[in-house]
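First the structure, in the form of structure tokens, and then the observations on it.
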Amino acid sequence: MYNKVILIGNLTRDIEFKTLPTGLALSKSAIATSYKFKTAGGEQKEEVCFLDFSIFGRTAEVANQYLKKGSRVMLEGKLQLDRWTDSNGNNRSKHSLNVESMKMLGGDNQERPNYNSNQWENKGGINNQAPASTQTTYATPQQETYGGMPEPMNQNIPEIDISEDEIPF
């Protein structure tokens, strides 16, 4: 099974930041996303979804520094089911997002910090997992890319002489 969720939306509240006893940073907040559609009768409708999320590690520190209520972000991570017993003894549960990477999507009316969140993404950035282990790995930023693809390697690729008769299509 594959559990991956990508959400784009706005924060519904300011970041709640704390440092865990292990020294790992934790930021929590919630995101609102919407979906617009037309009904069979042609009426325009909009559904809004609210989801709590948690961010760990260096990305949590960045979120705390730059994000606030209303900030537009793209979050990528794993959907999880949180379960607990409330003060009345009732079993409760809710879905939340364990964020693995974040990208700030500031707009024209929002101050956009001079920060490239791509350099801290999980693929070559930091270990941004829940505190299963206390080790956080910091890496150097990713190398420059061209259109999202890594720089082509300088390889000598030999030419292959194929006639049109050998091509099956």
Side-chain angles (χ1 to χ4, degrees), residues 1-40 43-107 109-142 148:
M1 297 278 173
Y2 194 67
N3 181 357
K4 183 171 198 128
V5 176
I6 300 172
L7 296 173
I8 296 176
N10 295 11
L11 297 190
T12 61
R13 61 181 185 261
D14 288 337
I15 296 288
E16 300 168 23
F17 180 81
K18 69 178 179 179
T19 303
L20 300 175
T22 61
L24 190 64
L26 168 64
S27 287
K28 290 185 171 190
S29 188
I31 188 172
T33 63
S34 63
Y35 172 69
K36 294 180 183 177
F37 62 95
K38 284 189 179 181
T39 63
E43 181 184 356
Q44 185 80 16
K45 289 248 180 178
E46 180 177 18
E47 290 180 356
V48 179
C49 177
F50 299 93
L51 188 66
D52 290 340
F53 65 85
S54 299
I55 306 173
F56 295 90
R58 173 72 179 128
T59 307
E61 295 171 9
V62 171
N64 182 53
Q65 185 175 358
Y66 292 111
L67 299 180
K68 62 182 186 232
K69 180 179 179 178
S71 296
R72 191 160 185 79
V73 293
M74 179 179 82
L75 302 176
E76 183 177 337
K78 292 184 271 186
L79 193 62
Q80 63 187 30
L81 182 63
D82 300 325
R83 296 180 185 168
W84 71 96
T85 304
D86 67 12
S87 57
N88 296 331
N90 299 323
N91 291 333
R92 305 284 312 258
S93 64
K94 71 174 182 174
H95 282 97
S96 66
L97 183 66
N98 183 357
V99 176
E100 295 171 347
S101 68
M102 168 194 75
K103 183 165 186 161
M104 293 177 270
L105 303 174
N109 60 350
Q110 180 180 340
E111 180 183 325
R112 190 168 188 168
N114 186 15
Y115 171 77
N116 179 2
S117 64
N118 287 336
Q119 66 183 338
W120 297 110
E121 282 185 356
N122 231 13
K123 305 170 190 124
I126 62 169
N127 179 1
N128 191 24
Q129 302 299 317
S133 85
T134 59
Q135 181 179 3
T136 303
T137 306
Y138 294 89
T140 57
Q142 293 177 346

query: For the residue pair G77 and L97, what are the closest heavy atoms and their distance?
result: C-CD1, 3.7 Å
field: I31 side chain reached by V73 side chain, heavy atoms, under 4.5 Å
entry: yes
field: Side chains of L11 and L67 in contact at under 4.5 Å (non-hydrogen atoms)
entry: yes
query: Donor-acceptor pair, N10 side chain versus A32 backbone, under 3.5 Å?
result: no
Pairwise side-chain contact, K94 with W84, heavy-atom cut-off 4.5 Å (strictly under): yes
query: Looking at side-chain heavy atoms only, is the closest gap between M104 and V62 below 4.5 Å?
result: yes
message: Within the 4.5 Å heavy-atom criterion, are S96 and F53 side-chain neighbours or not?
response: no
field: Where S93 and R83 come nearest, the two heavy atoms and their spacing
entry: CB-CG, 4.0 Å
message: When you compare the side chain of I8 with that of L105, does any pair of heavy atoms fall below 4.5 Å?
response: yes
- request: Please report the C-alpha distance between V5 and H95 in whole Å, then the side-chain angles of each, then the deciding distance to 0.1 Å, and finally whether the side-chain contact (heavy atoms from CB on, under 4.5 Å) criterion is met.
  value: CA-CA 12 Å; V5 176; H95 282 97; over 6 Å; no
message: Would you say that V48 contacts T33 through its side chain, given a criterion of any heavy-atom pair below 4.5 Å between the two side chains?
response: no
- request: Before giving the answer on side-chain contact (heavy atoms from CB on, under 4.5 Å), spell out for L7 and L51 the whole-Å C-alpha distance, their side-chain angles and the decisive distance to 0.1 Å.
  value: CA-CA 10 Å; L7 296 173; L51 188 66; 3.6 Å; yes
- request: Begin from the C-alpha positions of K4 and E76 and carry the test side-chain contact (heavy atoms from CB on, under 4.5 Å) through to its verdict.
  value: CA-CA 7 Å; K4 183 171 198 128; E76 183 177 337; 2.5 Å; yes
query: Looking only at heavy atoms, what is the nearest atom pair of A60 and S27, with distance?
result: O-OG, 2.7 Å
message: With side-chain contact (heavy atoms from CB on, under 4.5 Å) as the criterion, how do E100 and K78 come out once you've worked through the C-alpha distance, each side chain's angles and the decisive distance to 0.1 Å?
response: CA-CA 8 Å; E100 295 171 347; K78 292 184 271 186; 2.9 Å; yes
- request: Calculate, to the nearest 0.5 Å, the distance between atoms NZ and CG belonging to K103 and L75 respectively.
  value: 13.0 Å
- prompt: When you check the gap from the basic side-chain N to the acidic O, do K38 and E43 get nearer than 4.0 Å?
  reply: no
- prompt: How long is the span from the OG atom in S34 to the NZ atom in K45, to the nearest 0.5 Å?
  reply: 14.5 Å
query: Q80 and D82: side-chain donor and acceptor closer than 3.5 Å?
result: yes
message: If we check side chain to side chain contact (heavy atoms under 4.5 Å, CB included) with F17, which of these qualifies: I55, L26, N64?
response: N64
query: More than 12 heavy atoms of other residues, nucleotides or ligands under 6.0 Å from OH of Y35: is that the case?
result: no
query: Side chain of N88, backbone of N90: donor and acceptor closer than 3.5 Å?
result: no
message: Can you tell whether the side chains of R13 and D52 come within less than 4.0 Å, N to carboxylate O?
response: yes
query: Does the side chain of T19 reach to within under 4.5 Å of the side chain of L24, using non-hydrogen atoms?
result: no
